[in-house]
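Right, one structure below, let's go through it.
As a basis for the values below, the full set of heavy atoms in this structure was taken, side chains included, without hydrogen atoms, waters or symmetry mates.
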Amino acid sequence: MLTSRFPLCTIKETPADADTASHRLMLRAGMIRKLAAGIYSWLPLGLRVLRRIETVVREEMQRAGATELLMPSVQPKELWEESGRWGKYGHLLLRMQDRKEQWYCYGPTHEEVICDIVRNEIRSYKQLPLTLFQIQTKFRDEIRPRFGVMRAREFVMKDAYSFHLDQASLDATYQVMYDAYARIFTRLGLEFRAVQADSGDIGGDISHEFQVLAESGEDAIAFSEQSDYAANVELAEAAPPPPRPAPAQPLKRVATPTQKTIAAVTAFLGVGPQRCVKTLLLRIPGGLVALCLRGDHELNEVKAGKLPELQKGWTLASEAEVLAATGAPAGFIGPVGLRDSIAVIADRSAAALADFVCGANKDGTHLTGANWERDARLTRVADLRSVVDGDLAPDGKGRLKIARGIEVGHIFQNGCKYTEAMHVGVLDEQGKLQTPLTGCYGIGVSRIVAAAIEQNHDERGIIWPEPLAPFQIALLPLNMHKSEKLQAAAQVLYQELITAGYDVLMDDRELRPGPMFADMELIGIPHRLVLSDRSLDAGTVEYKGRRDAQPQDVARRDLLPFLTARLQVST
RNA sequence: CGGGGUGUAGCUCAGCCUGGUAGAGCACUUGGUUCGGGACCAAGGGGCCGCAGGUUCAAAUCCUGUCACCCCGACCA
């Protein structure tokens, strides 16, 4: 490809509203342009990268036994009413009407459509197990899109769905997909981790996320350095605490006139936050619930949301509700002496404390030497907190570290959630109608582009992992317009490289060398060849890898073998 | 949805407070010089000052409304 025929669209200045490295570099390199909030055009350069990822994903999906199809991006309301998600999916669903005023949505995911296809086309157990996938543009009307294509509203996703007669078959395919995902992200040259995950609204029991490790990631993941344990912090557990010691101190009331926060109370009383119990009062339909946590721990809302008491929704109690229920303002409430109608659910770590400090349910007062059972009613113990760095791993092997990641893949076992709702049935060997089990497997194709850049860039621009690079080789003939000799030599080399099977971008613009170098480094081409009258006279070509500190001269006649040793021929 | 902010040339922004012929840098076009790390000189093209109302002799500037976008939060296979 010649730069004169390939619009590079690079920009020198940093766009004002780009906050992360990948967003900034994708705009500067001319890969994407914003059309509206969370909606981007893919310019030619960006599209080449996107296609490279799609190719790897497609190859690995096929190798894993999945078959490609393509479903519509626009889906009728009726299908979503069958699954019950027209209402449940909420504002994420972009709804629209056609000329007949029929309602549709722009598909945020395709469980409904795939179930409709399978129930119409698949009749017999002989056709199962079946795994279908597509690479499609989806739309989720995120409340706050940000970071460019990392959290866009419109995005490209690979989604696969598998159908099974029994759990063993689902387990087997799930494992095949898990392995395929690991191979995909490895092939793409990304540093990633597979972690146990919450299955969220998709539903189901078993679920893993594939997280690309990056400081700017929106997810926190916990993993043990001495075992395989790795989980999203939404879900991660610590090993249970040791059993509660017996009470040793008497319950004592202390005046804490202005100490409303854990930090203030601990400083005032000279005890660590891990000796305190903080109490959160939640409003649920028809009542209140108290959740108790150790002072140094945070409530994990995903875990709390699974409590039976909170199934019908919850919010934090208002200041007025707290006062009415406990007689004290927030900051002074505690589990001791709460009225009987309020269930007291303590996190395992809080429940393991003896002689703790907590609010006295009286303005300006705390208690010391408080103890469960003796002083405070305990309805139930549950795992309610988020793990923190240094917690013991749940398998007892090693301590947990917390890192940040970008979720690029997510696999689920859904059981019969969708097939049941959508009335998918297949006849088994006995001629009996069975509801198949399903798995679903997503990869954020466009998000991977951003994730790869987050992991691979420097102050000059992007540094593409080889398999993602829009071009393999940048060929820069310097000041070619002034030298016919150089023009001829460049043309010959360009043709040679193409014939050898390389993906080459030759810069034939009448630019000074500086801007040429800068552009190629910005767009991250992994290998650079420079031709000049000087090198022509010396019979050499200058080579520099994108990560190399210094260029090197290679004899012209040795160039092809030199490249063969360094890079793969593209297909 | 709550809070904050911004809409002026392709991009980054000044001008607005205190109303009076719309600006700079970068980018673009042409000519010249230069040219192995984002050159220089000269000449040029480019604007419904987000949109709609209002006040005024006169509005980018003041007032009202509206739309879009950005940031923080809630939200998020």
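- The CG-C1' distance, from A:Leu316 to B:G73, rounds to 14 Å in whole Å.
- Spacing between B:U18 and B:A59 at atom C1', rounded to whole Å, works out to 14 Å.
- Side chains of A:Glu454 and A:Ser216: a donor on one and an acceptor on the other come within 3.5 Å.
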Could you list the protein-to-nucleotides 36-41 of chain B atom pairs, N/O on both sides, closer than 3.5 Å?
from: B:G36; atom 1: OP2; to: A:Asn479; atom 2: ND2; distance (Å): 2.6
from: B:G36; atom 1: O6; to: A:Ser532; atom 2: OG; distance (Å): 2.6
from: B:G36; atom 1: N1; to: A:Glu542; atom 2: OE1; distance (Å): 2.9
from: B:G36; atom 1: N2; to: A:Glu542; atom 2: OE1; distance (Å): 2.4
from: B:G36; atom 1: N2; to: A:Glu542; atom 2: OE2; distance (Å): 2.9
from: B:G37; atom 1: O6; to: A:Arg528; atom 2: NH1; distance (Å): 2.8
from: B:G37; atom 1: O6; to: A:Arg528; atom 2: NH2; distance (Å): 3.2
from: B:G37; atom 1: N1; to: A:Glu521; atom 2: OE1; distance (Å): 3.3
from: B:G37; atom 1: N1; to: A:Glu521; atom 2: OE2; distance (Å): 3.0
from: B:G37; atom 1: N2; to: A:Glu521; atom 2: OE1; distance (Å): 2.3
from: B:G38; atom 1: O2'; to: A:Lys12; atom 2: NZ; distance (Å): 3.2
from: B:A39; atom 1: OP2; to: A:Arg512; atom 2: NE; distance (Å): 3.4
from: B:A39; atom 1: OP2; to: A:Arg512; atom 2: NH2; distance (Å): 3.4

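- Nearest-nucleotide positions on RNA chain B for A:Gly409 and A:Arg144 put A:Arg144 closer to the 5' end.
- Comparing B:C69, B:G25, B:C75 by their nearest atom to the side chain of A:Ala37 picks out B:C69.
- Straight-line distance between the C1' atoms of B:C70 and B:U30: roughly 39 Å, to the nearest whole Å.
- When both pairing distances are held under 3.5 Å, B:U18 makes no Watson-Crick or G-U pair with any nucleotide shown.
- Relative to the six-membered ring of A:Trp86, A:Arg95 meets both conditions, a distance below 6.0 Å and an angle of at most 45° to the axis.
- Distance A:Phe139 CZ to B:C76 P: 17 Å, rounded to the nearest Å.
- Nucleotide B:U6 forms a pair with B:A68, judged by Watson-Crick or G-U wobble geometry with both contacts under 3.5 Å.
- Between A:Leu35 atom CG and B:G10 atom C1' there is a gap of 16 Å when expressed in whole angstrom units.
- Comparing the C1' positions of B:A14 and B:U8 gives a spacing of 10 Å, expressed to the nearest Å.
- Atoms NE2 (A:His23) and P (B:C70) sit 9 Å apart, rounded to a whole Å.
- Counted within 6.0 Å of NE2 on A:His481, heavy atoms from surrounding residues, nucleotides or ligands total more than 12; the atom is thus considered enclosed.
- The partner of B:G73 is B:C1, judged by Watson-Crick or G-U wobble contacts that both fall below 3.5 Å.
- One atom, CD of A:Glu154, and another, C1' of B:C76, lie 18 Å apart when rounded to the nearest Å.
- Look at B:C49: it lacks any Watson-Crick or wobble partner with both distances under 3.5 angstrom.
- Rounded to the nearest Å, the gap between the P atom of B:G47 and that of B:G54 is 27 Å.
- Pairs engaging residues 519-552 of chain A under the ring-ring contact (aromatic ring centres under 6.0 Å, His included) rule: A:His527-A:Tyr543, A:Tyr543-A:Phe562 [sequence neighbours left out].
- B:C16 and B:C63 have their C1' atoms separated by 14 Å, given to the nearest Å.
- Taking the centre and axis of the six-membered ring of A:Phe517, the NZ or CZ atom of A:Arg528 falls inside the cone set by 45° and 6.0 Å.
- Nearest heavy-atom pair across A:Ile463 and A:Asp458 is CD1-OD2, 3.7 Å.
- To the nearest angstrom, C1' of B:C35 lies 15 Å from CZ of A:Arg509.
- Mapped onto RNA chain B by nearest heavy atom, A:Asp159 and A:Gly38 fall at different nucleotides, with A:Gly38 at the one closer to the 5' end.
- Across all strands shown, B:A59 forms no Watson-Crick or G-U wobble pair with both distances under 3.5 Å.
- In this structure a side-chain-to-backbone donor-acceptor pair under 3.5 Å is present from A:Arg33 to A:Leu27.
- Distance noted for atom C1' between B:U21 and B:A60: 13 Å (whole Å).
- Rounded to a whole Å, the NE2 atom of A:His91 is 11 Å from the P atom of B:C76.
- Using P as the reference atom, B:G23 and B:A9 are 14 Å apart when rounded to the nearest Å.
- Under the Watson-Crick or G-U wobble criterion, with both distances below 3.5 Å, B:C13 is paired with B:G23.
- Across B:C75, B:C11, B:C69, the shortest atom-to-atom separation from the side chain of A:Ala36 is found for B:C69.
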Next item on the list: Decide ring-ring contact (aromatic ring centres under 6.0 Å, His included) for A:Phe412 and A:His410; before the verdict, give the C-alpha distance in whole Å, the side-chain angles of both, and the deciding distance to 0.1 Å.
Entry: CA-CA 7 Å; A:Phe412 306 79; A:His410 200 157; 4.0 Å; yes

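- Nucleotide B:C28 has B:G44 as its partner under the Watson-Crick or G-U criteria, with both atom distances under 3.5 Å.
- B:G45 and B:C71: their C1' atoms are spaced 36 Å apart (whole Å).
- A:Leu94 has its CG atom 17 Å from the C1' atom of B:C75, to the nearest Å.
- A:Phe155 comes within contact range of at least one nucleobase, with a heavy-atom separation under 4.0 Å.
- The minimum heavy-atom distance between A:Leu281 and A:Val322, with the atom names listed, is CD2-CA, 4.0 Å.
- The nucleotide B:A39 finds its pairing partner in B:U33, both defining distances of the Watson-Crick or G-U wobble pair being shorter than 3.5 Å.
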